[in-house]
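Structure first, commentary second.
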Amino acid sequence: MVQGSSYICSLVQSLRSASFPSKLANYRGYTSRAASNSLHHPSTYSDDEYADVDWDKLGFGLTPTDYMYVMRCSKDDNFKEGRLSRFANIEISPSAGVLNYGQGIYEGTKANRTEDGRILLFRPDQNATRMMHGAERLCMPSPSIQQFVDAVKETVFANKRWIPPPGKGSLYVRPLLVGTGPILGLAPAPEYTFLVYASPVRNYFKEGTAPLNLYIDEEFVRASPGGAGGVKTITNYAPVLKAISRAKDRGFSDVLYLDAVNRKYLEEVSSCNIFIVKGNRISTPAISGTILQGITRKSILEIARDHGYQVEERAIPVDNLGDADEVFCTGTAVGVAPVGSITHRNRRIEFKTEGSLICKELYSTLVGLQTGRIEDKKGWTVEIH
């Protein structure tokens with residue numbers, strides 16, 4: 001453990017002593033010190049195009065890859081040059097701001113492999129912008145948009161053999177911004193670490209692509225007005241674990257939360273946004289400070305308009321669910337997931353999940369853009385060379 005007044009993460013110390021090639025064309029695997037015995041360990045030094053992974057059995061669990069990216073700064077400074085390091089555990093002070101006061105935010109984005117061999121990111125600048133917004137809310141310095149995007153690109157390129165073949169999944173990229181400096185009293189940490197790691201993934205829910213069955217638990221709320229529900233702080237997620245666990249014990253996929261004030265309006269699911277469809281109209285709860293501004297949500301709204309649908313962001317009373325034709329969820333991890341039913345106060349409301357579905361139409365366009373099957377005329381994708 002690091003001692004004295006410095007309390008610096010050992011990962012930063014190791015980066016200072018490490019040397020890195022100027023070109024990243026020959027990254028090789030290693031056995032991750034961070035991987036537990038229950039996880040898949042990266043194979044040792046290989047020049048294979050693909051890592052040794054059974055892509056057909058890929059779910060949404062951690063598969064440690066080869067490299068992570070790290071950059072740090074003090075609270076009164078700006079982030080400077082970061083570096084790649086082998087993926088490994090990190091040491092951190094017991095009094096780090098993130099451990100004691102939850103001063104941390106994260107992002108999630110994906111890299112996809114196209115049929116013609118290209119590697120594409122999807123709107124990483126939007127993740128960077130959202131991280132900057134969250135950092136300001138939590139009194140943290142943040143990487144610039146360019147620094148963020150460059151870090152994601154370097155991480156993906158360094159781990160490119162872990163990007164699944166087309167149609168077999170994506171490389172999920174997790175940027176983190178955390179207060180790693182030591183602090184005892186309640187105040188911003190004196191030092192911050194920006195870290196990016198990645199893992200190959202496929203379906204988020206155990207149901208795969210099958211419709212979800214959601215439960216409205218009125219005992220719990222996800223966020224309150226004036227709180228931090230509108231930013232991707234780590235403190236938004238642990239509090240929903242009990243509600244999720246209770247719902248899953250009852251056979252449901254996840255929890256749909258209502259607003260904290262009236263317990264009347266739809267907000268979002270634990271890790272994704274919610275949409276309802278009635279005829280040609282697609283509605284989603286309006287951003288009001290308690291709902292995360294999902295990047296997939298934003299993209300689906302624009303795609304839906306392009307397809308000629310009436311799109312609205314508004315307060316949606318829970319009673320409107322009974323009139324909905326379709327309901328679906330959106331998020332980086334989940335993609336676009338159809339909802340088969342929502343249970344509220346012992347009443348189960350079912351929705352259309354077969355035949356011609358609007359959510360499938362929108363998802364097909366989204367995935368087509370993300371994987372290069374549809375020409376990107378919006379400038380949403382970023383190719384990694």
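Keep in mind the model is a prediction, meaning the values are calculated, not measured.
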Partner set under side chain to side chain donor-acceptor pair (under 3.5 Å) for [X], not counting sequence neighbours:
X    : result
E313 : R297
S170 : N112
E312 : S283, R314

If you look only at distance, which donor and acceptor atoms sit under 3.5 Å apart when one is on a side chain in residues 183-190 and the other is two or more places apart or in another chain?
none

Between Q126 and K298, is any side-chain donor less than 3.5 angstrom from a side-chain acceptor?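 Yes, side-chain donor-acceptor contact under 3.5 Å.
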Is it true that R123 and S299 share a donor-acceptor pair across their side chains at a distance under 3.5 Å?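 Yes, because at least one side-chain N or O of S299 sits under 3.5 Å from a partner of the opposite role on R123.
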[atom2] on [Y] to [atom1] on [X], rounded to 0.5 Å:
X    : Y    : atom1 : atom2 : answer
L321 : L256 : CG    : CG    : 7.0 Å
R373 : T365 : CZ    : OG1   : 9.0 Å
F122 : L366 : CZ    : CG    : 5.0 Å
N159 : M68  : CG    : CE    : 11.0 Å
F194 : M131 : CZ    : CE    : 5.5 Å
H344 : N346 : NE2   : CG    : 10.0 Å

Validation row: [X], [Y] side chains within 4.5 angstrom (heavy atoms):
X    : Y    : value
I216 : I342 : yes
L301 : F275 : yes
T114 : P166 : no
E361 : H307 : yes
R113 : Y50  : yes
S271 : Y204 : yes
K232 : E107 : yes
R83  : Y69  : no

Are D249 and S245 close enough, and set up right, to give a side chain to side chain contact (heavy atoms under 4.5 Å, CB included), and what steps lead you there? CA-CA 6 Å; D249 286 344; S245 177; 4.0 Å; yes
Let's go through V255 and V240 carefully: what are the C-alpha distance in whole Å and the side-chain angles of both, what is the deciding distance for side chain to side chain contact (heavy atoms under 4.5 Å, CB included) to 0.1 Å, and is it a yes or a no? CA-CA 9 Å; V255 177; V240 304; over 6 Å; no
Give a yes or no on whether the backbone of [Y] and the side-chain of [X] come within a donor-acceptor separation of less than 3.5 Å.
X    : Y    : answer
R281 : Y309 : no
R263 : E218 : yes
D259 : K264 : yes
T65  : A198 : yes
T233 : N236 : no
T155 : A151 : yes

Could you work out, with ring pair (Phe, Tyr, Trp, His ring centres under 6.0 Å) as the rule, every residue matching [X], not counting sequence neighbours?
X    : result
F351 : none
Y192 : none
Y257 : none

Closest heavy-atom pair and its distance - D254, A247: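 D254 and A247 have their closest heavy atoms at O-CB, 4.3 Å.
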Do you know the tightest heavy-atom contact between I282 and A304?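 In this case the closest contact between I282 and A304 is CD1-CB, 3.8 Å.
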Assigning hydrophobic clusters by single linkage (Ile, Leu, Val, Met, Phe, Trp, Tyr; side-chain heavy-atom cutoff under 4.5 Å), is L121 placed with L171?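 L121 clusters together with L171.
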Residue pairs involving residues 210-237 (criterion ring-ring contact (aromatic ring centres under 6.0 Å, His included); sequence neighbours excluded):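 Qualifying pairs, neighbours excluded: Y106-Y237, Y215-F252.
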Can you give each donor-acceptor pair under 3.5 Å made by side-chain atoms of residues 377-385, sequence neighbours left out, with the distance rounded to 0.1 Å?
| from | atom 1 | to | atom 2 | distance (Å) |
| --- | --- | --- | --- | --- |
| K378 | NZ | E302 | OE2 | 2.9 |
| K378 | NZ | D306 | OD2 | 2.6 |
| T381 | OG1 | D376 | OD2 | 2.8 |

Show me the donor-acceptor pairs within less than 3.5 Å that the side chains of residues 324-336 make with the rest of the protein, sequence neighbours left out.
| from | atom 1 | to | atom 2 | distance (Å) |
| --- | --- | --- | --- | --- |
| D325 | OD2 | G279 | N | 2.7 |
| E326 | OE1 | I358 | N | 3.3 |
| E326 | OE1 | C359 | N | 3.2 |
| E326 | OE2 | I358 | N | 2.8 |
| T332 | OG1 | G108 | O | 3.4 |

What pairs with E354 under salt bridge (Lys or Arg N to Asp or Glu O under 4.0 Å), at least two apart in sequence or on another chain?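 E354 satisfies salt bridge (Lys or Arg N to Asp or Glu O under 4.0 Å) with no residue once adjacent residues are dropped.
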Between R222 and E267, is the salt bridge (Lys or Arg N to Asp or Glu O under 4.0 Å) condition met? List the steps. CA-CA 8 Å; R222 179 188 169 274; E267 292 250 300; 5.8 Å; no
Please write out which residues are connected to V221 in a hydrophobic cluster, directly or through intermediates, given that two of Ile, Leu, Val, Met, Phe, Trp, Tyr count as joined at side-chain heavy-atom separations below 4.5 angstrom.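 Reading the cluster by chain and number, V221 sits alone, since nothing else belongs.
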